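To keep things clear, I will list the structure first and then write my remarks on it.
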Amino acid sequence: MIIAAGLTPAWQQIVLLDRLQHGEVNRARAVHWCASGKVLNVGIALHHLGAEAKTISLVGGLPAHSIDAEFEQFGIARKWVPTAAATRVCTTVLEAETGIATELVENAAAVTEAELADFQSSFRNSATAADVILLAGSLPAGTPETYYRDLITGIDARVIIDGRGAELAAALEAAPFLVKPNREELARTVGRELTSDDDLVAAMRELNAAGAQWVLVTQGAQAVWLTSATECLRFQPPAISSVNPIGSGDSLAAGIGWGLANGDDITRAVQLGIAAGVENALQLLPGRVAANAVIERAGAIDVESYR
């Protein structure tokens, strides 16, 4: 069983334009709506990969009904923790002529202490049956920085955290199996610029020393890095013409969790994750990744040791 958990889901609008004209009236070719935000993207990707999985998230307001309807349509196991704060609505603008994706992101509203306690209770109750847990996304405004740490302390499952900054740094005290910031998020977490590969690896090793067994860093379409206290691997994703990159990092996390739950070693799990991220970028809506395509693509992803 894999648990996908997070507190900042979104209801997503995807707008297709020929080209975004600033300060002008822009008429869309098409508009699509879907459940999104890191935690929901992970849950949807796990479902499409065929994993035994459950999604746990805070939802509220009008978007909660649409999110639940989509998960019901897919048949995804879920536990929604209600909140008085409406789930945020985010917009992706895709330009057909340029291939540029522009994100308009609404920050998640603050939630109450009682709602945070309800989420923690639901999470802990489900975590006892989990082999792998994926914690995805930032924390709502005002949530204690130690919230992720407190969630996973004493958990037996292998925990993957897709987060950044102070909440990620605090969670290292609970020794997660893997943490997955991107390069910018890692720089923000360690508080300095990472201008070279050696700078990057040194920062990753700081997170290993602070408690993470493995640290994985993505850089968009560039190389993916993985370190432990003693190993450093570099994976090279294939070059593709992306349809929509939104959700690719979340699909990557889902692919890693899926591989680990199926008994794969960390190298193979990361190859599956990268393949899932690539497959996601080739789809219009996030998380719709096919297991057969991911498995086939994973075998062609190059990996090398970095001194």
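We count residues from 1, following the sequence as given. Owing to the predicted nature of the structure, the values given are computational and were not obtained by experimental measurement.
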If we ignore hydrogens and angles and just use 3.5 Å, is the side chain of [X] paired with the main-chain N or O of [Y] as donor and acceptor?
X	Y	value
D199	L194	no
T128	N125	yes
E115	A84	yes
E279	V289	no
D265	T267	yes
S248	G277	yes
T8	S138	yes
S305	L233	no
R205	A203	no
R88	A109	no

With sequence neighbours left out, what residues match N182 under side chain to side chain contact (heavy atoms under 4.5 Å, CB included)?
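Testing N182 for side chain to side chain contact (heavy atoms under 4.5 Å, CB included), a comparison that skips the adjacent residues, returns E184, E185, T218.
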
Set of side chain to side chain contact (heavy atoms under 4.5 Å, CB included) partners for P144, sequence neighbours left out:
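Listed in chain order: L116, T146.
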
Indicate yes or no: at least one non-hydrogen side-chain atom of [X] is less than 4.5 angstrom from one of [Y].
X	Y	result
I295	L272	yes
L216	L252	yes
L58	D118	no
V179	L168	yes
Q120	L151	yes
F235	Q271	yes
I301	V224	no

Could you go step by step and tell me if L7 and T83 meet the side chain to side chain contact (heavy atoms under 4.5 Å, CB included) rule?
CA-CA 10 Å; L7 293 88; T83 171; over 6 Å; no

Where is the tightest heavy-atom contact between [X] and [Y], given as atom of each residue plus distance?
X	Y	answer
F119	G6	CE1-O, 3.6 Å
A51	I2	CB-CD1, 4.0 Å
P237	A221	CG-O, 4.1 Å
S241	L282	O-CD2, 3.7 Å
P245	N280	O-ND2, 4.0 Å
A77	A53	CB-O, 3.6 Å

To the nearest 0.5 Å, what is the distance between [atom1] ([X]) and [atom2] ([Y])?
X	Y	atom1	atom2	answer
R183	Q222	CZ	CD	7.5 Å
L285	N41	CG	CG	10.0 Å
W258	H47	CH2	NE2	13.5 Å
I160	I152	CD1	CD1	11.5 Å
K79	T55	NZ	OG1	13.5 Å
S251	I246	OG	CD1	11.5 Å

Could you go through the side chain to side chain contact (heavy atoms under 4.5 Å, CB included) check for L135 and F123 one step at a time?
CA-CA 10 Å; L135 282 177; F123 174 85; 4.0 Å; yes

Assess the residue pair L134 and D162 against the criterion (side chain to side chain contact (heavy atoms under 4.5 Å, CB included)); give the C-alpha distance rounded to whole Å, side-chain angles, the decisive distance to 0.1 Å, and a yes or no.
CA-CA 7 Å; L134 292 103; D162 186 352; over 6 Å; no

Joint cluster assignment, [X] & [Y], ILVMFWY side-chain distance < 4.5 Å:
X	Y	answer
L186	V201	yes
M1	F177	no
V42	L178	yes
I56	V111	yes
I133	L139	yes

Would R288 and E70 count as a salt bridge (Lys or Arg N to Asp or Glu O under 4.0 Å) if you check the C-alpha gap in whole Å, the side-chain angles of each, and the deciding distance to 0.1 Å?
CA-CA 13 Å; R288 280 69 168 173; E70 186 167 328; 2.8 Å; yes

Count the heavy atoms of every other residue, nucleotide or ligand shown that sit under 6.0 Å from [atom1] of [X], and state whether that count exceeds 12.
X	atom1	answer
E52	CD	no
E193	CD	no
E113	CD	no
E103	CD	yes

Please determine whether side chain to side chain contact (heavy atoms under 4.5 Å, CB included) holds for the pair C90 and L104, giving the CA-CA distance in whole Å, both sets of side-chain angles, and the decisive distance to 0.1 Å.
CA-CA 6 Å; C90 298; L104 306 176; over 6 Å; no

Starting from the C-alpha separation in whole Å, work towards a yes-or-no answer on salt bridge (Lys or Arg N to Asp or Glu O under 4.0 Å) for D68 and R78.
CA-CA 9 Å; D68 186 62; R78 68 274 189 197; 3.1 Å; yes

Can Q12 and T92 be counted as having a side-chain donor-acceptor contact under 3.5 angstrom?
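Present: a donor and an acceptor within the cut-off.
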
Judged by modelled atom types alone, do S126 and K54 share a side-chain donor-acceptor pair under 3.5 Å?
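Yes, because at least one side-chain N or O of S126 sits under 3.5 Å from a partner of the opposite role on K54.
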
Under the 4.5 Å side-chain heavy-atom rule for ILVMFWY, direct or indirect, which residues accompany L40?
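Same cluster as L40: W11, V15, L17, L20, V31, W33, V39, I44, V59, I67, F71, F74, I76, W80, V89, V93.
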
